[in-house]
Amino acid sequence: MLNEIEIPEELIQKLRSAKSILFFTGAGISAESGIDTFRGKGGLWNKMSAQELASFDGFMKNPNLVWEWYQYRRKIISETEPNAGHKTIAEFEKHFNQVTVVTQNVDNLHKRAGSTNILELHGNIERNFCLKCKAFYDVEKFIDANEVPKCEKCGGMIRPDVVWFGEMLPKGIFEEAERIAINADICFIVGTSAVVYPAAYIPLSAKEAGATLVEINIELTNISDQVDFSILGKSGEVLPKIFSFLGL
Ligand code: BJW
Ligand code: ZN
């Protein structure tokens with residue numbers, strides 16, 4: 001049949017003996033849940049300015065605009081559900097010793113799907129923090145705020161707990177992800193353009209340490225020529241198919 005997704009038998013064999021599996025994920029895994037990706041067709045950065053909306057300078061220049069954009073995205077995300085891709089990754093955790101999700105996504109859908117071992121490289125849109133005293137606030141606290149709220153403790157400006165361009169990743173998270181990567185037997189690279197650093201070093205570190213790299217994406221990316229298996233298709237279709245071939 002045309003467009004039939006082919007899963008290499010060699011990959012299934014490797015998976016059967018794998019002890020440590022790493023899923024490195026990006027916006028594409030949530031696309032089938034109805035959340036826009038950043039780049040490529042329909043990507044957010046085609047219609048919005050990354051510099052204005054996803055940088056600290058942009059926030060300081062126009063805090064209410066940036067706040068409004070995040071409140072809008074929060075609403076969309078809260079109305080979505082994890083898809084078959086997220087759910088299959090959570091299922092892997094039940095059958096393999098060590099499964100870690102290293103995600104660039106901020107949408108919390110891996111957790112909602114049931115994964116428990118998750119490293120969030122770019123933060124989580126469901127949290128805010130105070131610029132001044134660093135106090136954290138759950139998204140619910142300021143859910144109805146149309147403008148940047150003030151911290152209850154010190155009056156400082158509240159911002160989303162996500163990593164913007166030019167900002168460091170949350171302390172220790174990248175190092176922990178690197179440690180997982182160099183111990184991984186198999187690293188799946190799912191739904192990411194792999195152009196944003198330092199995140200994109202994670203699968204490269206895994207490869208350097210000997211892991212088998214498996215890319216799942218609807219198109220070829222920056223990293224495609226470095227992977228062992230490139231499976232073209234939607235992650236919500238490819239991942240369940242791989243899992244079913246394992247016959248667990
Ligand atoms: C499907 C699918 C389906 C669709 N199934 N697939 C020059 C060279 C190198 C680096 C730099 C440089 N200039 C600046 C930098 C550094 C910069 C960077 O990497 N920039 C590059 C873009 C050039 N990085 C940073 O600034 C980082 N910090 C840093 O470096 O700190 C050190 C430092 C500090 C101070 C001074 C100097 C250095 C921070 C990066 C933060 C990224 N933040 C964002 C926003 C998060 C908050 C929010 O959501 O609003 O993170 S940007 C955005 O990109 C988001 C994502 O996590 C990230 C990655 O995107 P992702 O997930 O790959 O999505 P897409 O859209 O790119 O790809 C989707 C893919 O899915 C596509 O391939 C589709 O085909 C596929 N797909 N449907 C499977 N159904
Ligand atoms: Zn404060």
Side-chain angles (χ1 to χ4, degrees), residues 5 23-46 48-59 66-67 69-74 76-77 83-86 88 102-108 120-137 141 149-171 173-174 188-203 215-224 230-240:
I5 302 161
F23 289 92
F24 176 70
T25 66
I29 195 169
S30 298
E32 288 156 82
S33 292
I35 302 175
D36 284 344
T37 60
F38 295 93
R39 300 167 189 81
K41 218 171 78 195
L44 287 169
W45 298 154
N46 294 333
M48 328 285 274
S49 154
Q51 202 47 43
E52 267 179 47
L53 296 169
S55 75
F56 184 72
D57 288 350
F59 179 65
V66 175
W67 177 260
W69 189 59
Y70 277 91
Q71 291 290 76
Y72 166 74
R73 285 175 56 207
R74 283 166 167 152
I76 291 174
I77 289 169
N83 64 54
H86 302 103
T88 303
V102 172
T103 189
Q104 299 165 87
N105 298 347
V106 299
D107 58 28
N108 215 25
E120 292 170 328
L121 295 176
H122 294 159
N124 189 313
I125 202 166
E126 296 189 357
R127 276 191 314 263
N128 289 301
F129 71 92
C130 167
L131 276 185
K132 207 163 152 194
C133 76
K134 312 292 177 226
F136 283 94
Y137 290 94
K141 178 79 189 163
K150 296 267 180 292
C151 175
E152 280 185 349
K153 299 182 174 90
C154 76
M157 285 165 82
I158 299 296
R159 62 162 278 182
D161 187 17
V162 298
V163 181
W164 286 324
F165 285 113
E167 294 188 318
M168 307 296 276
L169 272 48
K171 203 167 183 296
I173 299 279
F174 181 75
F188 285 95
I189 305 156
V190 189
T192 176
S193 56
V195 295
V196 173
Y197 286 85
Y201 285 127
I202 296 300
E215 178 172 54
I216 301 173
N217 201 303
I218 53 170
E219 60 188 28
L220 296 177
T221 69
N222 258 27
I223 207 169
S224 301
S230 171
I231 306 175
L232 285 175
K234 293 182 175 180
S235 45
E237 293 171 8
V238 176
L239 282 163

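Start at 1 and go down the list; that is how both ligands and their atoms are numbered.
- Of the options Thr221, Leu232, Asn217, the smallest heavy-atom separation from atom 74 (C) of ligand 1 is shown by Asn217.
- Put simply, the angle at the Zn ion (ligand 2) from SG in Cys133 to SG in Cys130 is close to 110°, to the nearest 10°.
- Trp45 contributes atom CH2, which lies 6.0 Å from atom CG of Leu53 (distance to the nearest 0.5 angstrom).
- Contacts between Gln104 and ligand 1 below 4.0 angstrom, taking non-hydrogen atoms only, involve backbone and side chain alike.
- Atom numbering of ligand 1 starts at 1 in the shown order; those under 4.0 Å from a heavy atom of Ala27 are 61 (P), 62 (O), 64 (O).
- Residues Ile29 and His86 form a side-chain contact, since some pair of their non-hydrogen atoms from C-beta on lies under 4.5 Å apart.
- For atom 29 (C) of ligand 1, the nearest non-hydrogen atom from the set Met168, Arg39, Glu167 belongs to Glu167.
- Nearest residue to atom 40 (C) of ligand 1 from Ile29, Ile231, Val196, Val238 is Val196 (criterion: closest heavy atom).
- Of all protein heavy atoms, the one lying nearest to atom 46 (C) of ligand 1 is Val163 O, 3.4 Å.
- Scanning all protein heavy atoms for the shortest distance to atom 4 (C) of ligand 1 gives Ile218 CD1, 3.6 Å.
- For atom 80 (N) of ligand 1, the closest heavy atom belonging to the protein is Glu32 OE2, 2.9 Å.
- The environment of Tyr201 atom OH is sparse: at most 12 non-hydrogen atoms of other residues, nucleotides or ligands sit within 6.0 angstrom.
- Remark: atom 42 (C) of ligand 1 lies closer than 4.0 Å to at least one protein heavy atom.
- Within the 4.0 Å cut-off (strictly below), no protein heavy atom is located near atom 15 (C) of ligand 1.
- Considering backbone and side-chain N/O atoms, Ser193 comes within less than 3.5 Å of an N/O atom of ligand 1.
- Looking only at distances, no side-chain donor or acceptor of Glu32 sits under 3.5 Å from a matching main-chain atom of Asn83.
- Shown here, atom 9 (C) of ligand 1 is out of close reach of the protein: none of its heavy atoms lies under 4.0 Å off.
- The residue from Glu52, Arg74, Met48 that alone fulfils the side-chain contact (heavy atoms from CB on, under 4.5 Å) condition with Trp69 is Met48.
- Shortest contact from atom 51 (O) of ligand 1 to any protein heavy atom: His122 ND1, 3.2 Å.
- Distance check, rounded to the nearest 0.5 Å: CD of Glu237 to CD1 of Ile5 gives 5.0 Å.
- Atom numbering of ligand 1 starts at 1 in the shown order; those under 4.0 Å from a heavy atom of Ala31 are 78 (N).
- Counting heavy atoms from C-beta on, the side chains of Asn105 and His122 never come closer than 4.5 Å.
- For ligand 1, the polar-atom distance check against Lys234 finds no nitrogen or oxygen pair separated by under 3.5 Å.
- Atom 25 (C) of ligand 1 is approached by the protein to below 4.0 angstrom, counting heavy atoms only.
- Of all atoms in ligand 1, numbered sequentially from 1 with element shown, those under 4.0 Å from a heavy atom of Gly26 are 62 (O).
- By the criterion of a heavy-atom distance under 4.0 Å, the backbone of Val195, and not its side chain, is placed next to ligand 1.
- A heavy-atom separation below 4.0 Å is not found between Ala54 and ligand 1.
- Ser224 is not listed as a side-chain neighbour of Glu219, based on a closest heavy-atom distance of 4.5 Å or more.
- The NZ atom of Lys41 lies 11.5 Å from the CG atom of Asn46; values are rounded to the nearest 0.5 Å.
- Atom-to-atom distance recorded for Ile231:CD1 and Ile189:CD1 is 11.0 Å, nearest 0.5 angstrom.
- Heavy-atom proximity to Thr192, at under 4.0 Å, picks out these atoms of ligand 1: 61 (P), 63 (O), 70 (C), 71 (O), 73 (O).
- With a 4.0 Å cut-off on non-hydrogen atoms, Tyr70 touches ligand 1 through its side chain and not its backbone.
- Atom OG1 of Thr25 is separated from atom CG of Leu121 by 8.5 Å, given to the nearest 0.5 angstrom.
- With contacts defined as side-chain heavy-atom distances shorter than 4.5 Å, the pair Pro149/Trp67 qualifies.
- Ligand 1 has no atom lying under 4.0 Å from any heavy atom of Gly43.
- Near Glu219, the atoms of ligand 1 lying under 4.0 angstrom from a non-hydrogen atom of the residue are 75 (O).
- Each of the atoms 25 (C), 26 (O), 34 (C), 35 (C), 36 (C) of ligand 1 lies under 4.0 Å from some heavy atom of Gly166.
- Looking at every heavy atom in both residues, Ser235 comes nearest to Pro240 through O-CD, 3.6 Å.
- The single protein non-hydrogen atom nearest to atom 1 (C) of ligand 1 is Gly28 CA, 3.6 Å, given as residue, atom name and distance.
- Within the listing of ligand 1, atoms 47 (C) sit less than 4.0 angstrom from a heavy atom of Val162.
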What pairs of donor and acceptor atoms, side-chain ones from residues 154-167 against any protein atom, are under 3.5 angstrom apart with sequence neighbours left out?
| residue | atom | partner | partner atom | Å |
| --- | --- | --- | --- | --- |
| Arg159 | NH1 | Glu167 | OE2 | 2.7 |
| Arg159 | NH2 | Val162 | O | 2.6 |
| Arg159 | NH2 | Glu167 | OE1 | 3.1 |
| Asp161 | OD2 | Arg127 | NE | 2.8 |
| Asp161 | OD2 | Arg127 | NH2 | 3.0 |
| Trp164 | NE1 | Tyr70 | OH | 2.8 |
| Glu167 | OE1 | Trp164 | N | 2.8 |

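- No side-chain heavy atom of Ile125 sits under 4.5 Å from any side-chain heavy atom of Asn108.
- Side chains of Ile216 and Phe23 form no contact here, defined as non-hydrogen atoms less than 4.5 Å apart.
- In this structure, atom 70 (C) of ligand 1 lies nearest to the protein heavy atom Gly191 O, 3.4 Å.
- Of the options Phe38, Phe24, Trp164, the smallest heavy-atom separation from atom 56 (C) of ligand 1 is shown by Phe38.
- To the nearest 0.5 Å, atom OG1 of residue Thr221 and atom CZ of residue Arg39 are 12.0 Å apart.
- Residue-level proximity to ligand 1 for Val106 is carried by the side chain, the only part with a heavy atom below 4.0 angstrom.
- The protein reaches atom 35 (C) of ligand 1 closely, with a heavy atom under 4.0 angstrom from it.
- Protein heavy atom closest to atom 5 (N) of ligand 1, with residue, atom name and distance, is Ser235 N, 3.0 Å.
- Nearest non-hydrogen protein atom to atom 19 (O) of ligand 1 is Tyr197 N, 2.8 Å.
- For the pair Phe188 and Val238, the minimum side-chain heavy-atom distance is 4.5 Å or more.
- Taking both residues in full, the closest heavy atoms of Tyr137 and Lys153 are given as OH-N, 3.7 Å, listed atom of the first, atom of the second, then distance.
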